[in-house]
**Student:** 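Handing you this structure, nothing more for now.
Excluded from the calculations below are hydrogen atoms, water molecules and symmetry mates; all remaining heavy atoms, backbone and side chain alike, are included.
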Amino acid sequence: MRQPLRWPWLDFDVDQVAAPAIAVGVDVTETRAEVREHWHRKGQLVFALGGAVTCRVPNGLWMVPPHCGVWIPGSMRHSNTATANARIFFVYIEPGAANLPDRCCTLSISPLLREVIIELSECAPDDARCGFLGGVLLAELPLMPVQHLHLPISAEPRLRRIVEALADDPADRGTLAQWADRVALSESSLARLVVKETGLSFGRWRQQLNLIVALRELSAGASVQQVSGDLGYQSVTAFITMFKKALGKPPAKYLGDIARNGSSAFVA
């Protein structure tokens, strides 16, 4: 089934479909498209075949690079934002139908599972072929390696203010001391607050946001030079060094390997 990128779908309510697993395909043609915050009873796998999707849940921001997926358990509020020219698949799974985590996580998607998802999106829920493909998906999906590429987001108002400002302007290279002044905290207090609320140092937390933005824009076709400038790096070399240190590979090889084998080494 092909649908516009919005919720609810106009043609049917996924929670009313009895099939254990169904898939909906979406082609994004706008500059950027968003599904506003919502929830449904079924769990959801957000899979990107092209372009990239950012998923926001109450306590985090998750990146879906091409050929990977983010699992969102049932009844969890979430929103999705897709880059231009993205090709996305939403897979809806009945609670308890597969042994999947009860938390959000990034999953590597194998070439076999990728083809199953595509085929599943092209058949009706009451089609016998849908039942067969859904069975394969439910058996294979729990075997996919669990990876993590997300930004922990706290409900703490001052950290919310910082992350929203950085998301709006990723090129802001303000120091910890400068950000502490902006939110009326001492430098040491802000450092402790970030670690307490996210488990990461301020520098590591901001780097995670930079990686999410970088992967989103690179997946949408931006050049390494453009992305490094947009993130405020003084040189392309400095950006590539950060990217390689965090993800183990320079940007071109990282995205190329994802496209070839549907898996990658994400950071926690």
Side-chain angles (χ1 to χ4, degrees), residues 46 52-65 68-73 76-81 101-108 145-219 227-228 230-234 238-251 254-255 258 263-268:
V46 183
V53 188
T54 304
C55 302
R56 184 185 289 269
V57 297
N59 63 350
L61 192 66
W62 294 80
M63 176 66 197
V64 191
C68 297
V70 163
W71 168 247
I72 303 171
M76 178 176 287
R77 299 197 68 84
H78 60 281
S79 62
N80 303 310
T81 303
D102 59 0
R103 56 184 173 81
C104 283
C105 61
T106 306
L107 298 174
S108 297
V146 176
Q147 312 290 350
H148 303 275
L149 183 58
H150 82 291
L151 180 75
I153 296 178
S154 167
E156 209 286 330
R158 289 161 294 190
L159 295 193
R160 281 279 183 176
R161 178 180 166 189
I162 293 173
V163 75
E164 288 171 3
L166 286 173
D168 289 339
D169 182 16
D172 188 326
R173 308 306 293 175
T175 65
L176 176 62
Q178 289 170 328
W179 278 109
D181 185 60
R182 294 177 196 178
V183 295
L185 285 174
S186 69
E187 183 175 353
S188 59
S189 294
L190 178 58
R192 287 194 297 269
L193 182 64
V194 173
V195 172
K196 175 186 175 184
E197 295 289 327
T198 71
L200 302 173
S201 68
F202 179 81
R204 187 71 181 81
W205 188 53
R206 179 162 61 183
Q207 183 187 79
Q208 280 291 94
L209 176 61
N210 284 346
L211 287 169
I212 288 173
V213 172
L215 280 171
R216 182 187 69 200
E217 299 307 315
L218 290 167
S219 298
V227 172
S228 65
D230 290 345
L231 292 177
Y233 281 84
Q234 294 183 347
F239 167 71
I240 292 175
T241 299
M242 180 280 294
F243 193 102
K244 186 175 180 180
K245 184 176 180 180
L247 298 179
K249 303 170 186 177
Y254 183 86
L255 292 173
I258 292 176
S263 65
S264 56
F266 291 124
V267 292

**Student:** List the residues meeting side chain to side chain contact (heavy atoms under 4.5 Å, CB included) with S201, not counting sequence neighbours, and say none if there are none.
**Tutor:** R204

**Student:** Under the side chain to side chain contact (heavy atoms under 4.5 Å, CB included) rule, collect the residues that match up with A177, sequence neighbours excluded.
**Tutor:** T175, E187

**Student:** Show, in sequence, the C-alpha distance, side-chain angles and deciding distance for W62 and L151, and conclude whether the side chain to side chain contact (heavy atoms under 4.5 Å, CB included) test is met.
**Tutor:** CA-CA 6 Å; W62 294 80; L151 180 75; over 6 Å; no

**Student:** Side chain to side chain contact (heavy atoms under 4.5 Å, CB included) for N59 and I153? Distances and angles first, verdict last.
**Tutor:** CA-CA 5 Å; N59 63 350; I153 296 178; 5.8 Å; no

**Student:** What residues, two or more places apart in sequence or in another chain, satisfy side chain to side chain contact (heavy atoms under 4.5 Å, CB included) together with T241?
**Tutor:** T237

**Student:** Could you list the residues that satisfy side-chain hydrogen bond (donor to acceptor under 3.5 Å, both in side chains) with D169, not counting sequence neighbours?
**Tutor:** none

**Student:** Can a cation-pi geometry be assigned to R173 and Y233, taking NZ or CZ under 6.0 Å from the six-membered ring centre and within 45° of the ring axis?
**Tutor:** yes

**Student:** With sequence neighbours excluded, what pairs up with R77 under the side-chain hydrogen bond (donor to acceptor under 3.5 Å, both in side chains) test?
**Tutor:** E37

**Student:** What is the distance from atom OG of S228 to atom CG of N210, rounded to the nearest 0.5 Å?
**Tutor:** 11.5 Å

**Student:** With heavy-atom distances below 4.5 Å as the criterion, would you say the side chains of C105 and V70 are in contact?
**Tutor:** no

**Student:** Is there a donor-acceptor pair under 3.5 Å between the side chain of W205 and the backbone N or O of P152?
**Tutor:** yes

**Student:** Test T54 against N80 for side chain to side chain contact (heavy atoms under 4.5 Å, CB included), laying out the working first.
**Tutor:** CA-CA 6 Å; T54 304; N80 303 310; over 6 Å; no

**Student:** Applying salt bridge (Lys or Arg N to Asp or Glu O under 4.0 Å), can you list everything that pairs with R56, at least two apart in sequence or on another chain?
**Tutor:** none

**Student:** Only one of I162, L211, V163, L166 forms a side-chain contact (heavy atoms from CB on, under 4.5 Å) with R206, so which one is it?
**Tutor:** L166

**Student:** Provide the closest heavy-atom pair for G174 versus F202 in the form atom of the first, atom of the second, distance.
**Tutor:** O-CE2, 4.4 Å

**Student:** Side-chain contact test, heavy atoms from C-beta onward, threshold under 4.5 Å: evaluate it for C55 versus H78 and give yes or no.
**Tutor:** no

**Student:** Please examine the side chains of P73 and C104, heavy atoms only from C-beta on, and report whether any two atoms are closer than 4.5 Å.
**Tutor:** yes

**Student:** To the nearest 0.5 Å, how far apart are CE in M76 and CH2 in W71?
**Tutor:** 10.5 Å

**Student:** Does T198 reach the main-chain N or O of V194 with its side chain, forming a donor-acceptor pair under 3.5 Å?
**Tutor:** yes

**Student:** For residues M242 and Q207, determine if any side-chain heavy atom of one lies less than 4.5 Å from a side-chain heavy atom of the other.
**Tutor:** yes

**Student:** List in chain and number order the residues that pass salt bridge (Lys or Arg N to Asp or Glu O under 4.0 Å) with R182, two or more places apart in sequence or in another chain; answer none if no residue qualifies.
**Tutor:** D172

**Student:** The criterion is side chain to side chain contact (heavy atoms under 4.5 Å, CB included); which residues satisfy it with E156, sequence neighbours excluded?
**Tutor:** S154, R158, L159, L193, E197

**Student:** Checking L215 against L247 for the side chain to side chain contact (heavy atoms under 4.5 Å, CB included) test, could you report, in this order, the C-alpha distance in whole Å, the side-chain angles of both residues, the deciding distance, and whether it holds?
**Tutor:** CA-CA 11 Å; L215 280 171; L247 298 179; 4.3 Å; yes

